[in-house]
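Keep in mind that the numbers below use all heavy atoms, side chains included, and drop hydrogens, waters and symmetry copies. Quantities reported herein were computed from a predicted structural model and do not represent experimental measurements. We name chains A, B, ... by the order of the sequence lines, and we start the count at 1 in each one.
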Amino acid sequence: LGTDLTGLGLNLNSQESLHPTFAGPFADQPCRAQDVDYNVPPEYLIN
Amino acid sequence: PLGPSLLSKEHQMQFQMMEAAYYHLPTPSDSEKLTTYFHRTPVQTPAHYPQSQLPIYDTVEFYQRLSTETLFFVFYYMEGSKAQYLAAKALKKQSWRFHTKYMMWFQRHEEPKIINDDYEQGTYIYFDYEKWSQRKKEGFTFEYKYLE
Amino acid sequence: NDCEDPPGLQEKTEFLLKDWVSIYSQSNTVTRETKNFGSFVQKMNMYGILKTDDLITRFFRQATQFCIDLVYRILSDQTHNPAQVKAKIFHWIDAFVHLIALLVRHSGEAGNPTTKINLLNKVLGIVLGILLKDQDIRGNTFSQLGYHRFFLMLFLELSVPDTVLESLMHSIVTAFSHTYHLLNPVSAPGFCYSWIELISHRTFIGRILAQIAQQKGWPLYAQLLMDLFNFLAPFLRNAELAKPVQIMYKGTLRVLLVLLHDFPEFLCDYHFGFCDVIPPNCIQMRNIILAAFPRNMRLPDPFTPNLKVDMLNETATAPKICSNYVTNIQPGNFKKDLDSYLKARAPVTFLSELRSHLQISNEPGSRYNIPLMNALVLYVGTQAIAHIRSKNCVPSTSNIAHSAHMDIFQNLAVDLDTEGRYLFLNAIANQLRYPNSHTHYFSCAVLHLFAEANTEVIQEQITRVLLERLIVNRPHPWGLLITFIELIKNPIYKFWDHDFVHCAPEIAKLFESVARSCM
């Protein structure tokens, strides 16, 4: 009967696109805000 | 009606290579830039901890509900990420201003005594990330060229 | 060419690489790094590395080999804890990648992209070659880690917001797509898990499917998905999946769901080629592709009573099929006979020879040429639609009968064995998608075949082919639903009179539950 595709960790009803936070084919959670690289002002890169 | 089909020699060979690779699956952090503090390495937490994040986590509104200290933590420990960006936006909405030379967040404690085109001067609260605490600074000159 | 590297090149390469890694670790501000890069390039020049194209190639090959050897050394060194191992490896690879990205970014004149892209292709080709050789030599001890890191970080470095790199985006994505295609899992099964990570990375998908103008990246990505299905197909042909296959299969489902959600038009346009390679028993995976419909389309509820599909505007429009399927109708004289039969219903022998063209072996389970079957069915169907429209009619179950096109379909239904007819009916069912002229025509065609069947076996098999696509977990293609609903609702098909509908209590119950949700 296949798989319940709602259980693969993707928010299929999301109004937003999924690919910007797609965490990869083996991850069962989308990327969190701290996982996604962002083009922050260079001054924020404080290291 | 196609029924099962036997793997050809070539496919069996491919399967062996796949199987060998299966024991060294890529982990999420293999695909992420090296960060100083937070790697994308999921840690198994007790099942009764929330295992999935709420979709609202990704919004400025959510970050505005976080305490100032939390926002500073996100800002300084999740560098270069969307979380840092959202934390900065939430801080600005709470009248914090980022000083690009000291790389610290300042907030007016009262109306500045002097304001002109180049700077303002007065008493400020600032967050010192080295001592990890908020401090008051009197007679501080905030030069606008350092205002992000 | 294999002639020896000039003496001393290896030492120079190692020295320069180590030097760069230490520079890279210290410079953490953009300005300092650019200054350091400038002086490092002078050093490379001083060592004569940049003197000729051949030397540059040798340098990169040596440097890559050095990094890969280092990866295996660090992996085998048990003194480090796993987290440290990766950090150490990534530290070297990321530095090497950063050097390459800067060289690509700054090589050649500002306005001349060719030098940059040539250098990128050169480096990708070198790493590709070393990977394939390494996999051959090491076999099961091959490690994907270093290569995975290399390709991913180089793509991310070349995808940063930068005016020069942005202007090269299409060429950069094309270079990586070609490399990933050459690295496809059939050629590099030891790299398959990293490969699917690379082609489905959020930045790569965003670039190739969304940010490159006029969907020019779509054919490139379709090729990569075909590579993935080609690799998985033999392992998916059997119901029980071994764990390593299960992981790849589940990963593929995730990628398809992201595409279904964000780029359904992409799946719509390339569905035909995908159905050629997805094994017929992968019902749900195929349904994900067939269920895609354009985002600007509103699908009428399939359970709407008296839904008039032929009255829908979309039914008049043919779907885009971005596969050159007609070229699959081989050999040439078969295509010629086919066209002449469609035109003049002659030669009459054409029908009796049809099966011999489709059957390629007597081996149960692989007797038929599936791509030829799929292409033949779609070609005859599209010719039928054109023929009916040329008479200013809209295809319907009444006017698709008594035609050369339907002769062919009826002949296939009668003349093929169970396996062949299953593939034939699948070829039809694969066209039951969102509202368009193909969905409508093939829905009428399969219902017509049911109504005109001369034996109940054909009717049962039509029911099985539709049913097996409906009982799997969602999603279900719209065209499949409206066809099945019509079959069980419209009394002219006398569906409920057939014994096979009541062949077992759970089957009868299943039909009744479907019927209830339709009424």
Side-chain angles (χ1 to χ4, degrees), chain A, chain C residues 27-31 152 156 159-162 192-211 228 241 246-263 281-288 291 295 468-476:
Chain A
L1 297 180
T3 313
D4 174 4
L5 299 178
T6 59
L8 292 179
L10 295 165
N11 179 6
L12 299 176
N13 297 320
S14 160
Q15 295 305 311
E16 312 286 316
S17 281
L18 296 181
H19 71 274
T21 56
F22 181 50
F26 309 125
D28 45 22
Q29 285 291 342
C31 282
R32 303 159 301 177
Q34 62 265 40
D35 299 324
V36 180
D37 280 354
Y38 213 77
N39 186 27
V40 296
E43 298 88 355
Y44 287 5
L45 299 175
I46 292 160
N47 274 351
Chain C
S27 63
N28 54 15
T29 59
V30 181
T31 41
L152 192 102
L156 292 185
S159 303
V160 297
D162 167 289
C192 66
Y193 296 105
S194 289
W195 186 85
I196 190 174
E197 280 262 13
L198 293 171
I199 71 154
S200 66
H201 189 272
R202 56 185 181 274
T203 310
F204 187 73
I205 285 186
R207 288 286 199 201
I208 198 166
L209 293 179
Q211 290 154 39
L228 177 57
L241 300 186
Q246 223 174 61
I247 292 274
M248 273 300 273
Y249 174 67
K250 214 167 159 186
T252 304
L253 290 182
R254 283 198 178 96
V255 175
L256 290 177
L257 286 171
V258 170
L259 298 178
L260 179 64
H261 184 280
D262 293 5
F263 307 100
N281 60 300
C282 282
I283 312 273
Q284 186 180 35
M285 182 154 87
R286 185 181 51 206
N287 270 356
I288 295 176
R295 273 169 294 189
E468 73 176 5
R469 293 166 178 244
L470 281 165
I471 57 178
V472 293
N473 275 302
R474 290 179 300 161
H476 300 115

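Taking the salt bridge (charged side-chain N to carboxylate O under 4.0 Å, His left out) definition, one finds that Asp262(C) meets it with nothing, sequence neighbours left out. The side chain to side chain contact (heavy atoms under 4.5 Å, CB included) test applied to Asp162(C) returns Arg105(C), Val160(C), Val164(C), Leu165(C), not counting sequence neighbours.
One distance of note links CE of Met285(C) with CG of Leu5(A); it measures 11.5 Å at 0.5 Å rounding. For the atom pair CE of Met248(C) and CZ of Phe26(A), the computed distance is 6.0 Å after rounding to the nearest 0.5 Å.
Looking only at distances, a side-chain donor or acceptor of Gln284(C) sits under 3.5 Å from a matching main-chain atom of Thr3(A). No side-chain donor-acceptor contact under 3.5 Å links Arg254(C) to the backbone of Gly24(A). Looking only at distances, no side-chain donor or acceptor of Arg474(C) sits under 3.5 Å from a matching main-chain atom of Asp4(A).
Minimum heavy-atom separation, Glu16(A) to His261(C): O-CE1, 3.0 Å. Lys250(C) approaches Leu8(A) most closely through the heavy-atom pair CE-CD2, 3.5 Å. Nearest approach of Gly2(A) to Asn473(C), heavy atoms of both residues: O-ND2, 3.5 Å.
For a residue to count as touching a neighbouring chain, one of its non-hydrogen atoms must lie under 4.5 Å from one of that chain's; by this rule Ile283(C) does not touch chain A. For His201(C), no part lies under 4.5 angstrom from a heavy atom of chain A. For Ile288(C), the part lying under 4.5 angstrom from a heavy atom of chain A is the side chain only. Heavy-atom distances place the side chain of Leu10(A), and not its backbone, under 4.5 Å from chain C. Looking at Ser14(A), both its backbone and its side chain come within 4.5 Å of chain C, counting heavy atoms on both sides.
Among the candidates Gly206(C), Gly251(C), Ala210(C), the residue making the largest number of heavy-atom pairs closer than 4.5 Å to chain A is Gly251(C). With chain A as the partner, the residue from Ile247(C), Leu209(C), Thr203(C) showing the most heavy-atom pairs under 4.5 Å is Ile247(C). Comparing Ile471(C), Ile205(C), Leu257(C), Val255(C) by how many heavy-atom pairs each has under 4.5 Å with chain A, the most go to Leu257(C).
Aromatic pair His19(A)/Phe263(C): centroids less than 6.0 angstrom apart.
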